Amino acid sequence: MNRDYYFMARALKLAEKGLYSAHPNPRVGCVIVKDDTIVAEAWHEKAGLPHAEVLALRQAGHAARGADVYVNLEPCCHQGRTPPCTGFLIDAGVKRVVTAIEDPNPQVAGGGIENLRNVGIDVDVGIMRYEAEALNRGFLHRIKNGRPWVVLKVAASVDGRTAMRSGESQWISSDQSRRDVHHWRARSSAILTGIGTVLADDPALTVRDVETARQPLRVVVDSKLSTPPDARILSQPGRVLIATANERITEDIDSEHVEVVYVPATNNTVDLVALMAHLSQREINEILVEAGPTLSGAMLQASLVDEVLIYLAPKLIGDDGRGMFSLHGLDKLTDCVKLNVVDLRQFGDDVRIQLRPLRH
């Protein structure tokens, strides 16, 4: 059993190599072991390229026959962008497959495990399940719940202010905190902001300070379709999606890399639940929200936030500063949005608090 944990930990470490690039596919690593020796290992880099199992089997060659295979996600058994991995494993003559978790994709959903067992391959499931689920939480959450995993990021002073009364906010957080944010951007499928932030700050919302060939989709919630054609967010590398409740789609901002989509309105604003469903259909696994208090508060009150990152800087801005979240109708303590602290660490002079709503 200790042997299984050792090799699965290696498979998970390999899978992490796809943290920034595997989207929309899950992050998967594979280790092939024979006589307690690793004979091949690989990881899935990006959609359309061979899966980790296939790459590892190619590397192993004849040594795969009679070997044990460690993979952090159930091998696929359907034809997708690439052929099914189970066929390759069967043809290679492996003896045993150890997988951390089942694939909830309806096209797999235990079928890969069943296919392997039907031809006499031993399959063990559940080794390092928690770690495997954490690595692919966005993919798993989208498949199971029909919406992406949403991380809400806020930078604030210790008295909970995100900007001065004038709107000045650059920079509340430290250089180290901002570099950490770029890692969160890089692992996300999309970065979500609101039109208020676009008009006030004119952000780029691109990944910098992190080596990656992929820029996440940038999504602007813009109910009245008032994004300026010269906004910085529209001119950066990568694609932009403007979600609007205005049925007037203008050619001024609809271009090859900028798409405007109509989303039904609720209370004269974009229906955020409908927007999350739309993004799920686009295979968006993880979203990082970098927005002002109005959109951030609306996401929380719609129960669409799965994780909150608060970077607290050792500064006092005072009562005239802008708050973190606009939350309405909270008259009693029992109405509060309750959060659970899951991690606490320091970046420069700042403290990052990682929280999750208690429903999780």
Side-chain angles (χ1 to χ4, degrees), residues 23-24 46-48 138 141-142 145-153 167 181 184-208 212-306 326:
H23 160 85
K46 66 178 182 177
H141 191 269
R142 175 175 63 82
N145 300 294
R147 70 165 179 84
W149 177 273
V150 176
V151 178
L152 174 58
K153 167 257 169 181
V181 170
W184 286 90
R185 287 184 181 181
R187 70 168 290 163
S188 301
S189 308
I191 302 169
L192 181 77
T193 194
I195 183 59
T197 298
V198 170
L199 295 176
D201 299 337
D202 197 21
L205 293 184
T206 52
V207 177
R208 304 180 295 280
T212 176
R214 182 187 67 87
Q215 287 290 340
L217 175 71
R218 297 185 298 281
V219 181
V220 181
V221 179
D222 182 2
S223 298
K224 297 180 180 179
L225 198 56
S226 52
T227 300
D230 61 350
R232 285 181 67 208
I233 198 169
L234 304 182
S235 62
Q236 305 302 308
R239 295 189 57 79
V240 179
L241 179 72
I242 299 177
T244 183
N246 186 336
E247 295 185 77
R248 176 183 61 86
I249 304 298
T250 174
E251 294 181 358
D252 292 341
I253 53 179
D254 202 18
S255 66
E256 184 177 345
H257 76 286
V258 181
E259 181 182 358
V260 182
V261 295
Y262 170 76
V263 179
T266 298
N267 298 323
N268 298 317
T269 62
V270 167
D271 185 321
L272 296 175
V273 174
L275 176 58
M276 291 301 109
H278 176 84
L279 294 174
S280 176
Q281 291 171 1
R282 288 175 174 252
E283 297 185 291
I284 298 298
N285 293 329
E286 298 182 24
I287 294 177
L288 180 65
V289 178
E290 298 192 47
T294 300
L295 180 56
S296 296
M299 291 288 291
L300 280 167
Q301 291 199 291
S303 296
L304 294 174
V305 175
D306 303 290
S326 293

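We use all heavy atoms of the structure for the numbers below, so side chains are in, but hydrogens, waters and symmetry mates are not. Only a predicted model underlies this, so the values are computations on that prediction, with no experimental measurement involved.
Arg218 and Glu290 are not joined by a salt bridge, as no carboxylate oxygen comes within less than 4.0 angstrom of a charged side-chain nitrogen. Salt-bridge annotation for Arg232 and Asp201: absent, with no side-chain N of the basic residue lying under 4.0 Å from a carboxylate O of the acidic one.
For Thr227 and Asp222, the side-chain atoms include at least one donor-acceptor pair closer than 3.5 Å. Residues Arg282 and Ser280 bring no donor and acceptor atom of their side chains to less than 3.5 Å of each other.
Using a distance-only test at 3.5 Å, with no hydrogens or angles considered, a donor-acceptor pair links the side chain of Ser189 to the main chain of Asn285. Judged by distance alone, with hydrogens and angles left aside, the side-chain atoms of Thr269 form no donor-acceptor pair with the main-chain N or O of Ser223 at under 3.5 Å. One N or O on the side chain of Thr197 and one on the backbone of Gly292 form a donor-acceptor pair closer than 3.5 Å.
For the atom pair CG of Asp202 and CG of Asp230, the computed distance is 7.5 Å after rounding to the nearest 0.5 Å. Between the CZ atom in Arg147 and the CG atom in Asp306 there is a gap of 4.0 Å [rounded to 0.5 Å].
Residues passing the side-chain contact (heavy atoms from CB on, under 4.5 Å) test with Ala298 are Leu272, sequence neighbours excluded. Considering only residues two or more places apart in sequence or on other chains, Ser188 meets the side-chain hydrogen bond (donor to acceptor under 3.5 Å, both in side chains) condition with none of them.
At a threshold of 4.5 Å between non-hydrogen side-chain atoms, the residues Val219 and Thr193 do not count as touching.
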